[in-house]
Amino acid sequence: MSEQTTLREASHQALVGEIREHTRRELAQVGQRLARRLAHFVGAGEALASGLGDPSRDALLPALAFAERFAHDVPPAVQPPPAAHPLLRLEGLSRLRQSSALLRDLLLLACLPEAHEGFATLCRLLHPAGLPMPTATLALFWLESEGAGQWPTAAFAQRDAIEDLLHDSPLATLRLLRLVGSGPWQGRSLQAGPGVWEALMARPPRLDNGELVGGYAQVPGLDDWLALPAVSQAVLALRRGLPCQIMLVGGDAAMRVTRVRALLGAATVVAVRTRIDGVEAEARDGQCVDGYTAAFMHQACLWLEARSDEPASDAALERLSAGLAAALPHLPELPLITSGHSERHAPMLGLPLIRLPVQALAALARRRLWQWLLPQIGEQASVLAARYPIDPDDARDVVRDLGLRQSLSSQPLALEQVGECIRARTTWSSRPGIQRFQPRADWQALLLPEAARRQLQRAVRRVLQQITVLDDWGFAQGRGERRGVRMLFFGTPGTGKTLAAEVVARALGVDLLVVDLASLVSKWIGETEKNLAAVFDIAERSRALLLFDEADALFARRTETQDAHDRYANLETAYLLQRLERYEGVAVLTTNLRSNLDSAFARRFEFIVEFPEPDAAAREALWRLHLPAGAPLADDVSLPELAAWYALSGAQIKSAALAAAFLAAAAAGRIHQRHFLLAVENEFDKAGRAHPGFPPHTVWPAEEYADDLAPITPQAC
């Protein structure tokens, strides 16, 4: 911990001590005043006010004596309260100039049971139901008896002032004081509002739906965002406490949280965060007022957060907006922050508005982020920034994970470790139609013509060099569609298109998302586009390579519009064209026939890679690739013969090699050439292709099919 941090922490603790000390002195004086009024009546043998409890004199006197001892131990304040004391907030309200002292007395009376169990006992003795809480009757008895000589012209002036303050004054909406229970207001319990007691003791508020959050002193990667004119104005408004609504829209929940806390840190203020969506969205308006009360007492702003990307019902949002907008004119003026996925997630409050769009970090900002967090990686920060569109909070978590790993290992930091930590931290939102895989295949597993292999390697390099070309050299020219890499793989089934996508994903250090297009197509208008938008959003958040396997279903040629079905199918294709162009990650489309795809897609692909059927040399290499070193091959196995006789794809060769191994295992022997020939024959049958026959010198043992047809029994197994 740095010396500056230590000094700041010591200063904070000293301020906390001063606030608590002054609060206890104020409570002691109120407790003593109350005890003396009660002792006066008890000593004179007079009955207490109707509506209070009727404790015995022997039970009440020790409680009154406690209040005197407490006041003796905590004498009146000599120094003025610290400037940050919450009670000064009440005195600063222009609407309370005439009644701030009365509100302070009532507020402290309501907090007496929280201050000490001795005061809780006193209140319990005087409560008609035996609750450890003061009642409005007790407040009336105390303050009316104290002011008996001060209100000669209006016998009920004090009573009217208290009732107005609790019910009819503009600040009653703030609910700093609440009447709990049923019946006439005088008989109800008096309770401090949410967060009031915690503020008086310099503690975070305890709310059902809310928490006190501070800002970030420094957020690497957000310097450019904080320097934007609108963001600078928002920071200034927060710092000055001006009544306004600062609306952050866009991105995901984590991105919005980071930027809100960056705003708070730049403005050196805190906020009470209250959620306005979720399962209880219909009843959030009361909780928002609770948050407002706590924010006022803690000298904070109120942050209304919508975390979900799914908007609440329009009716619920309208009620929330209307309720808060109606309450705000009666509340102390505070800045409010609202955050949500879009404007449909944020209430409109009738305040001056500053709108701040939330977007992912730009590539240069991501590079600065990694350089700041991991200075030891040097120039490789550009590679990390190109691979992983990560946000500052996520990056900090990754660095902590790396720190743990480094403390447990003597190996130097490698980019692969960074990728592993990022994948471990990546949130995954499962959705029907999408499967996530961790790629394992490498370049050695991919047997392609040299031209196709070079294209794939260039695609990987293009991703890794995007920042250099687009940002450092200026080729982006402000056009977002130049980012990302889109590739088309075409060729007959089984030639390695999906495997190539896996190899590229592993080379980039990202996961593979495989999209089942059939599950995304909907008969309902607009649903297909909605499903596809969700797929792209998930891919961007999960930092994965997006694979549309067998893409013909949705990326097919547009047709002449003959009916409504053609019209909406063309709209879906047009939407895909635009969304694919805006996608900043790596997207791969595979198809068996290139001619099936709409020609408009061609110019949007940076790479179009053909996967031809393997020739004899490639087929022999594939046979060797799919036979592990430990496979018990017999002497009669001839892989060159298999490659020359049978034109199979890589997927078919892989399947045949595995099937031959099972045939040999069933015969309890080594893998012979005949096992491969039987497996190859099965592959031709599955594909519906004519089998070219067996080599003429093939010798079949008489018992070859006997084992295959023998009944399987537990004993035989």
Side-chain angles (χ1 to χ4, degrees), residues 4-30 74-97 99-101 103-112 114-115 171 174-177 192-207 210-217 235-244 260-261 263-274 290-303 331-337:
Q4 184 178 6
T5 303
T6 303
L7 291 174
R8 186 164 56 247
E9 182 66 23
S11 175
H12 173 72
Q13 291 300 326
L15 178 60
V16 168
E18 292 176 9
I19 291 175
R20 291 178 181 176
E21 180 182 2
H22 186 80
T23 296
R24 287 194 175 95
R25 293 183 188 279
E26 293 289 337
L27 287 165
Q29 295 308 303
V30 167
V74 187
V78 178
Q79 300 294 331
H85 200 281
L87 290 177
L88 297 181
R89 300 274 283 167
L90 306 180
E91 298 176 6
L93 290 173
S94 58
R95 309 176 194 185
L96 277 178
R97 293 263 172 87
S99 54
S100 60
L103 177 60
R104 185 189 66 229
D105 286 345
L106 292 174
L107 205 60
L108 292 170
L109 174 64
C111 290
L112 277 179
E114 300 279 1
L171 279 177
L174 189 58
R175 301 168 70 189
L176 289 171
L177 280 166
V196 171
W197 169 248
E198 294 88 347
L200 292 174
M201 297 305 292
R203 292 191 176 94
R206 294 188 289 268
L207 303 173
E211 60 177 334
L212 189 70
V213 296
Y216 292 144
V235 169
L236 193 59
L238 289 172
R239 188 177 298 152
R240 294 181 179 178
L242 302 178
C244 64
V260 170
R261 299 194 70 173
L263 284 176
L264 298 175
T268 62
V269 297
V270 294
V272 172
R273 175 164 63 178
T274 296
D290 290 350
Y292 204 103
T293 304
F296 169 74
M297 291 300 294
H298 284 80
Q299 293 185 294
C301 61
L302 180 61
W303 172 12
L331 296 173
E333 295 178 337
L334 295 177
L336 275 76
I337 299 174

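Numbers for residues simply follow the sequence, beginning at 1.
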Which heavy atom in [X] sits nearest to a heavy atom in [Y], and how many Å separate them?
{"X": "Cys111", "Y": "Val196", "result": "SG-CG1, 4.3 Å"}
{"X": "Gly210", "Y": "Thr274", "result": "CA-OG1, 4.3 Å"}
{"X": "Val30", "Y": "Asp105", "result": "CG2-OD1, 4.2 Å"}
{"X": "Pro86", "Y": "Ala199", "result": "CG-O, 3.2 Å"}
{"X": "Arg20", "Y": "Met201", "result": "NE-O, 2.7 Å"}
{"X": "Ala202", "Y": "Ile19", "result": "CB-CG2, 4.2 Å"}

Would you give the length of the straight line joining atom [atom1] of [X] to atom [atom2] of [Y], rounded to the nearest 0.5 angstrom?
{"X": "Met297", "Y": "Leu90", "atom1": "CE", "atom2": "CG", "result": "5.5 Å"}
{"X": "Trp303", "Y": "Leu212", "atom1": "CH2", "atom2": "CG", "result": "11.5 Å"}
{"X": "Thr268", "Y": "Leu238", "atom1": "OG1", "atom2": "CG", "result": "9.5 Å"}
{"X": "Arg24", "Y": "Leu200", "atom1": "CZ", "atom2": "CG", "result": "11.0 Å"}
{"X": "Glu21", "Y": "Gln79", "atom1": "CD", "atom2": "CD", "result": "10.0 Å"}
{"X": "Leu103", "Y": "Leu87", "atom1": "CG", "atom2": "CG", "result": "9.0 Å"}

Check your understanding: Please walk me through it: do His22 and Glu18 pass side chain to side chain donor-acceptor pair (under 3.5 Å)?
Key -> CA-CA 6 Å; His22 186 80; Glu18 292 176 9; over 6 Å; no
Flag side-chain contact, heavy atom, 4.5 Å: [X] against [Y]:
{"X": "Val74", "Y": "Leu27", "result": "no"}
{"X": "Tyr292", "Y": "Leu336", "result": "yes"}
{"X": "Leu264", "Y": "Val270", "result": "no"}
{"X": "Val272", "Y": "Phe296", "result": "no"}

Checking [X] side chain against [Y] main chain: does a donor-acceptor pair fall under 3.5 Å?
{"X": "Arg206", "Y": "Glu198", "result": "no"}
{"X": "Thr293", "Y": "Leu176", "result": "no"}
{"X": "Arg25", "Y": "Pro75", "result": "yes"}
{"X": "His298", "Y": "Arg203", "result": "yes"}

Check your understanding: Under 6.0 Å from the CZ atom of Arg239, do we count more than 12 heavy atoms belonging to anything else shown?
Key ->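 Check passes, neighbour count above 12.
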Practice item. In sequence, state the C-alpha distance, the side-chain angles, and the governing distance for Arg273 and Ile337, and then conclude on side chain to side chain contact (heavy atoms under 4.5 Å, CB included). Key: CA-CA 9 Å; Arg273 175 164 63 178; Ile337 299 174; over 6 Å; no
